[in-house]
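Data first, discussion second: the structure below is written as structure tokens.
Source: prediction; values computed, not measured. Chain letters run A, B, ... following the sequence lines, proteins first and then strands; every chain starts at 1.
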Amino acid sequence: MLQVSYIRDNREKVLERLAVKNFKQSELVDEVIQLDNDRRQTQNRLDGVSAEANSAAKQIGELMRTGKKDEAEAIKTKTGAWKEEIRALGDKLAVVEDELQQKLLLLPNLPHVSVPKGITPEDNEVVLEHGSKPNLPANALPHWELAVKYKLIDFELGVKITGAGFPVYIGKGAKLQRALIAYFLDEAEKAGFAEVIPPLVVNEASGFGTTQLPDKEGQMYYINEDKLYLIPTAEVPVTNLYRDVILKADDLPVKNCAYTQCFRREAGSYGAHVRGLNRLHQFDKVEIVQVAHPDNSYDVLEQMSAHVQGLLQKLQLPYRVLRLCGGDMSFSSALTYDMETWSAAQQRWLEVSSVSNFETFQSNRLKLRFRNAEGKMQLAHTLNGSALALPRIVATLLENNQTGRGIKIPEVLVPYTKFEWIE
RNA sequence: GGAGAGAUGGCAGAGUGGUCGAUUGCGGCGGUCUUGAAAACCGUUGACUGUUAAAGGUCCGGGGGUUCGAAUCCCUCUCUCUCCGCCA
């Protein structure tokens, strides 16, 4: 959520930045400013009347104590009008504040100056491409066929016990999952991220804090009985660890990593492009999260991007890095890099990581602050990234590493899988 | 699921109608002392809003009510804890 004070002081800039995100309802900005003026004016009047009423109440107390009952009663006769006014102004203030909040929630985060203009994924900027695309033999199989051939994943069994998008990993397929998770966690730890194991279900306040709620409500599984949401990413519980927290400047940056399963309803996305592991309702992911000082959060973003790329390099997967254009970015991000691996059998890029700086968009909702060098409260910046999401990594590994003998496990994973080949 | 207790500042824990934004202790910060540190002693230490700065206003889990005045009384919701039951 944007800060009203910033909008108030930087109207032109806000409009200009929103345009990069192709945000159409620019009139909302002026509505917010208008409501904020209204809010402050109402607050001022309310404060004035409250001050009078407070001092009268104090006087009455004093008079009662000193036995001057008549004088006290005289003052009491005047309090009725204040009371009414306080109530009326208070009601109005509540309405205005609510309206202001509703409008504010509709404004997306402002994109960083480096964000390219654009509308569709085709407008994303390819920052770099790394590694060469393997040339597979003519009879190369897509991962969903490899998974069946080598008995790694049973999609139909998943359909039976749950539904589409909930695969059952079996045999070496299950071990490969476990190996990747352990490997990613170890690498994150080496990079200074402290591991946590958070809950997989969160309450409404957490969903709001990291901006999944209210707008993306339909994308999360909801447990009606307990009013809890299944997490779509570890970003939600891990970032919310710092909700309502005031850090010291020395505490920054805070670095956490977490492995969790992630649950996404993915309502309305069915078809050939979601086959196999390409898009699931439940999947495994190691997430890295940082709370950073605003002065260096973009350096932190680059470090996180480098960490993710390091993983892809060690796994020897060809990948590219995209800087998302204004139109393709998420509502709450200020700058996002997507990492995509080349899935050789499908002949397409698969997104395996998304690394974002949210600046103060989340921390404003989270009330995540730190005391700066001047001793003043300041909102921290939050960032997160997948490092990495498993299914598409597995898809790419299977497809790219298929040989006549079987599937070759990348060297760095062998200590974890304890086998070199899937045959 | 049944029964009970509770929710106050970073933590612990006072406070049953006015002088309470809130005693005190711990912790934090600053200082004295010390070669340095510890101990001891002294001081200081909530957030939000608002203003050039003040003043002022709001906040004692959330919401509502009684009252001139509520942390304190009433209603309601939520959450937490304890015991019993069930159970990995």
Side-chain angles (χ1 to χ4, degrees), chain A residues 1-9 32-101 104 197-209 213-214 222-229 237 240-252 254 261 291 360 362-380:
Chain A
M1 191 163 62
L2 295 175
Q3 292 167 86
V4 188
S5 55
Y6 183 86
I7 298 175
R8 196 198 302 157
D9 299 338
V32 163
I33 293 172
Q34 183 52 51
L35 282 166
D36 181 53
N37 284 337
D38 202 0
R39 194 207 97 229
R40 285 188 295 161
Q41 205 176 53
T42 308
Q43 181 81 62
N44 263 332
R45 288 165 58 200
L46 175 61
D47 288 356
V49 183
S50 297
E52 284 187 88
N54 285 347
S55 101
K58 244 174 211 164
Q59 275 183 51
I60 291 170
E62 186 63 32
L63 292 170
M64 297 291 265
R65 220 170 308 109
T66 52
K68 297 173 182 166
K69 226 176 163 191
D70 293 347
E71 289 181 47
E73 290 301 327
I75 296 176
K76 272 198 201 182
T77 59
K78 295 194 285 187
T79 58
W82 288 328
K83 230 179 153 176
E84 261 177 57
E85 203 174 350
I86 286 173
R87 173 172 289 270
L89 287 168
D91 288 350
K92 185 186 173 192
L93 186 63
V95 170
V96 172
E97 279 180 339
D98 186 61
E99 254 181 88
L100 176 60
Q101 171 85 353
L104 264 181
I197 301 180
L200 302 182
V201 290
V202 294
N203 56 29
E204 189 187 349
S206 294
F208 178 79
L213 296 175
Y222 183 59
I223 303 166
N224 192 48
E225 192 76 10
D226 298 296
K227 299 189 182 354
L228 296 171
Y229 296 85
N240 270 281
L241 296 176
Y242 304 96
R243 172 152 49 87
D244 293 318
V245 166
I246 299 168
L247 295 163
K248 290 182 224 138
D250 292 347
D251 296 332
L252 302 174
V254 173
Q261 289 170 322
V291 180
T360 59
Q362 291 183 327
S363 61
N364 190 29
R365 289 200 194 181
L366 293 162
K367 294 190 173 59
L368 165 48
R369 294 163 292 175
F370 70 100
R371 214 176 283 280
N372 65 21
E374 292 89 58
K376 290 199 170 171
M377 290 295 182
Q378 199 179 338
L379 291 172

### Summary
Taking for A/Thr79 and for A/Ala57 the nucleotide of RNA chain B with the nearest heavy atom, the one nearer the 5' end belongs to A/Ala57
### B/U23 and B/G43, which share atom name P, separated by this distance in whole Å
15 Å
### Query
Got A/Leu104 and A/Ile7 here, is their nearest side-chain heavy-atom distance under 4.5 Å?
yes
### Task
Mind checking the NZ-CG spacing from A/Lys367 to A/Asp244? Nearest 0.5 Å is all I need.
6.5 Å
### Query
Which one, B/C68, B/A47, B/G50, comes nearest to the side chain of A/Arg40?
B/G50
### Message
When the P atoms of B/G2 and B/C86 are compared, how many Å lie between them, rounded to an integer?
### Response
15 Å
### Task
Using atom CZ of A/Arg371 as one end and atom P of B/G10 as the other, report the distance to the nearest whole Å.
10 Å
### Query
Would you say A/Val202 and A/Asn240 make side-chain contact, with heavy atoms under 4.5 Å?
no
### Message
Is it the case that atom CZ in A/Arg45 sees more than 12 heavy atoms from other parts of the structure closer than 6.0 Å?
### Response
no
### Message
For A/Lys76, is there an ion pair with A/Glu73 - N to carboxylate O distance below 4.0 angstrom?
### Response
yes
### Query
Side chains of A/Tyr222 and A/Lys227: closer than 4.5 Å at any heavy-atom pair?
yes
### Task
Between B/C20 and B/G69, how far apart are the C1' atoms? Round to whole Å, please.
13 Å
### Query
Can you tell me how far P in B/G28 sits from the matching atom in B/A39, rounded to whole Å?
9 Å
### Task
For the side chain of A/Asn44, starting at C-beta, report the closest nucleotide among B/A47, B/G50, B/C68.
B/G50
## Note on the structure
Residues in residues 82-90 of chain A with a heavy atom under 4.0 Å of RNA chain B, by number, are A/Lys83, A/Arg87
### Task
Compare the minimum distances between each of B/U58, B/G46, B/G56 and the side chain of A/Asp47, then state the nucleotide with the smallest one.
B/G56
### Query
In what stems does RNA chain B take part, counting only runs of at least 3 consecutive Watson-Crick or G-U pairs whose two distances fall under 3.5 Å?
B:1-7 with B:78-84, B:10-12 with B:24-26, B:27-32 with B:40-45, B:46-49 with B:56-59, B:61-65 with B:73-77
### Task
Just compare B/G56, B/G46, B/U58 and give me whichever is closest to any side-chain atom of A/Asn54.
B/U58
### Message
Testing the 3.5 Å rule here: is there a donor-acceptor pair between the side chains of A/Gln43 and A/Asp47?
### Response
yes
### Query
Nearest to the side chain of A/Arg8, which nucleotide is it out of B/A47, B/C68, B/G50?
B/G50
### Task
Look up atom CZ in A/Arg365 and atom CG in A/Leu2, then write down how far apart they are to the nearest 0.5 Å.
10.0 Å
### Nucleotide B/C79, atom C1' - distance to CG of A/Asp226 in whole Å
13 Å
### Task
Check whether more than 12 heavy atoms from other residues, nucleotides or ligands sit under 6.0 Å from atom CD1 of A/Ile75, and answer yes or no.
yes
### B/A47 and B/C11, which share atom name P, separated by this distance in whole Å
14 Å
### Query
Hey, does A/Arg369 reach any base, or is it just sugar-phosphate, or nothing, if we go heavy atoms under 4.0 Å?
sugar-phosphate
### Task
Could you work out which one of B/G56, B/A47, B/C68 sits closest to the side chain of A/Ile60?
B/C68
### Query
Given the P atoms of B/G17 and B/A54, what is the spacing between them in whole Å?
37 Å
### Message
Here's a test of your reading of the structure: between A/Glu62 and A/Ala51, which maps to the more 5' nucleotide of RNA chain B?
### Response
A/Glu62
### Message
With rounding to the closest Å, how many angstrom separate the C1' atoms on B/U82 and B/U66?
### Response
33 Å
## Note on the structure
Picking from B/G57, B/C68, B/G50, the nucleotide nearest the side-chain atoms of A/Gln43 would be B/G57
### Query
Should we count CD of A/Gln3 as having more than 12 external heavy atoms under 6.0 Å?
yes
### Query
Looking only at atom P, what distance separates B/U8 and B/G57, rounded to whole Å?
26 Å
### Task
Could you check whether A/Ala56 gets within reach of a base, just the sugar-phosphate, or nothing at all, counting any heavy atom under 4.0 Å?
nothing
### Minimum-distance nucleotide to A/Ile246 side chain [options: B/C68, B/A47, B/G50]
B/A47
### Query
In this structure, are over 12 heavy atoms from other groups packed under 6.0 Å from A/Glu204 atom CD?
no
